[in-house]
Structure formats: structure tokens, C-alpha cells
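Read the structure below first, then the notes.
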Amino acid sequence: AGVLALPHAFAWSGLWGGLAAYAVVIVACNYSQLLLLRCLAAARHQARPPATYAGLARAVWGTAGYRCVAALVVVLEAAFCIGWIIVICDQALLLMEPGGALAQTLTRPVLALAILFPVIAALACIPFLAMLWPLSLIGLFTYIVGVMGSLLWHIAVHGAVAGAAAPVAVVWSSLPRFIGTATYGLEAVLMVIPIATSMRRPELAGRVVAGGTPAYAA
């Protein structure tokens with residue numbers, strides 16, 4: 001959701017201000033992920049090497065740290081889930097134009113449940129996030145080819161919109177809003193430990209993070 005909002009977010013920051021802030025956010029996100037990997041490597045000498053964030057907190061701060069971080073992870077994941085529900089409902093409203101066939105169908109509760117329940121039930125039966133990679137791949141392909149591809153094609157064929165104003169260099173008043181959106185879209189700290197612990201050669205996790213985050217941002 002954060003990455004999809006980035007193109008529009010540049011209207012909040014201005015062109016050059018957004019590019020400069022974007023570079024800072026990339027460096028900050030990358031550094032936080034690499035720092036977490038260093039902490040994980042330092043804790044691997046223990047009898048039970050940590051494989052989760054709560055486990056890493058136990059290795060550093062003991063039981064109190066374990067409970068605190070475990071609770072924060074639950075709150076954070078709940079916030080992400082709520083955010084996704086808001087995004088999905090917002091997109092569904094765009095599809096349900098007043099008077100349209102889809103709007104008339106989904107306003108009937110029984111038909112709406114018949115359409116949505118099988119999809120929700122199937123997704124709820126997936127036990128691990130790693131099993132969602134086909135859906136993630138479809139989503140990434142749709143974004144690159146469908147969203148960004150069609151946009152770039154339209155710009156290349158039709159050019160800029162007639163009468164469009166020249167981009168502003170910096171919009172200081174809404175620059176923090178852009179920074180928050182960029183950080184939300186690029187920060188993948190929750191995926192660092194699962195990726196590192198699932199690799200055949202965990203010592204290469206630093207290279208994956210150091211190269212993957214900037215490539216994804218680009």
C-alpha cells in the first residue's frame with residue numbers, strides 16, 4: 001500500500017525535495033535492517049539461537065524484553081491488518097459505482113457473502129506467509145506491468161497533460177507526510193529475521209538486504 005502511494009506522495013514533497021528525502025529514507029531503512037542482522041548474529045552463540053523478534057529480545061533483555069517485544073509485534077501486525085482492510089474497502093468503493101451492476105450485486109448481503117466468503121476462507125487456511133508467494137508474485141507483476149507499465153506507456157505515447165504546471169522543487173509543509181509514506185512503503189524490518197533464518201547460508205543475509213532494499217526502492 002505504501003509503495004502504491006509513493007507516486008502521488010511526490011506531490012506532497014515536491015520533485016527535488018522528494019528525491020532527497022527518498023534517498024535518506026532508503027539509507028535509514030537499509031541501515032536499520034542491517035543493524036538488526038548484526039544483533040541476530042551476535043546472539044547466535046547462545047544455546048537456543050533466536051529465530052523471532054521476541055526471541056532476540058529475550059537474548060538481549062531477558063524475559064521482560066521478550067514479553068514487551070512480543071506484545072508490540074502483535075499490536076504492529078494488527079495495525080497492518082487493519083490498514084489492509086481499509087485499503088481493500090477503499091478500493092472496493094471505487095469499483096462499486098452508483099447504479100452499476102457490481103454495486104447492485106454487492107449491496108445484496110447474501111450475494112456479497114457468497115462472493116467474498118470463499119476467498120476469505122481460502123486465505124485464512126494458509127498457515128505460513130511463505131505460502132503466499134504466488135499471490136505476491138501476481139501482485140508485483142500486476143503493479144509493474146499493469147499500473148506502472150500502463151502509466152509509462154501513456155506518458156510515452158501521449159506526453160504530459162496539456163496545461164500541467166511545472167513540478168515544485170520542495171513543499172516543506174507536507175514533506176513529513178511524504179517521509180512517513182516512504183518509510184511505510186520501504187521499511188521491511190519485520191521480514192529481516194524470517195528471511196535470515198530461512199536461508200541456507202544465513203551469513204549472506206546482509207548482502208540480500210543491502211542489495212534488495214535499494215533495488216526494491218528503485
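Numbering starts at 1 and runs along the sequence shown.
Panel note: side chain Thr52, backbone Gly55; a donor-acceptor pair is recorded below 3.5 Å.
In the hydrophobic clustering of this structure, Leu34 groups with Val60; members are Ile, Leu, Val, Met, Phe, Trp, Tyr whose side-chain heavy atoms approach within less than 4.5 Å, directly or through other members. By the criterion of side-chain heavy atoms lying less than 4.5 angstrom apart, applied directly or through intervening Ile, Leu, Val, Met, Phe, Trp or Tyr residues, Val75 is not grouped with Ile82; the two fall into different hydrophobic clusters.
Taking every heavy atom of both residues into account, Ala196 and Leu40 meet most closely at CB-CD2, 4.0 Å. Shown here for Cys29 and Ser32, the closest heavy-atom pair between the two residues is O-OG, 2.7 Å. Shortest non-hydrogen contact noted between Ala43 and Pro50 is O-CD, 3.5 Å. Closest non-hydrogen pair, Thr181 versus Ala9, comes out as CG2-CB, 4.2 Å. Between Asn30 and Ala210, the closest heavy-atom pair is ND2-O, 3.4 Å.
Side-chain contact between Leu35 and Tyr31 is present, with at least one heavy-atom pair separated by less than 4.5 Å. Side-chain contact check for Trp12 versus Val171: every heavy-atom pair is 4.5 Å or farther apart. Counting heavy atoms from C-beta on, the side chains of Trp61 and Val69 come closer than 4.5 Å. A 4.5 Å side-chain heavy-atom check between Leu36 and Ile193 finds at least one atom pair inside the cut-off.
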N/O donor-acceptor pairs under 3.5 Å from side chains in residues 13-27, not counting sequence neighbours:
unit_1	atom_1	unit_2	atom_2	d
Ser13	OG	Phe10	O	3.4
Tyr22	OH	Ala217	O	2.8

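The list of side chain to side chain donor-acceptor pair (under 3.5 Å) pairs with a residue in residues 195-214, not counting sequence neighbours, reads Gln33-Thr213, Arg201-Glu203.
Remark: Tyr66 engages no residue in a ring-ring contact (aromatic ring centres under 6.0 Å, His included) (not counting sequence neighbours).
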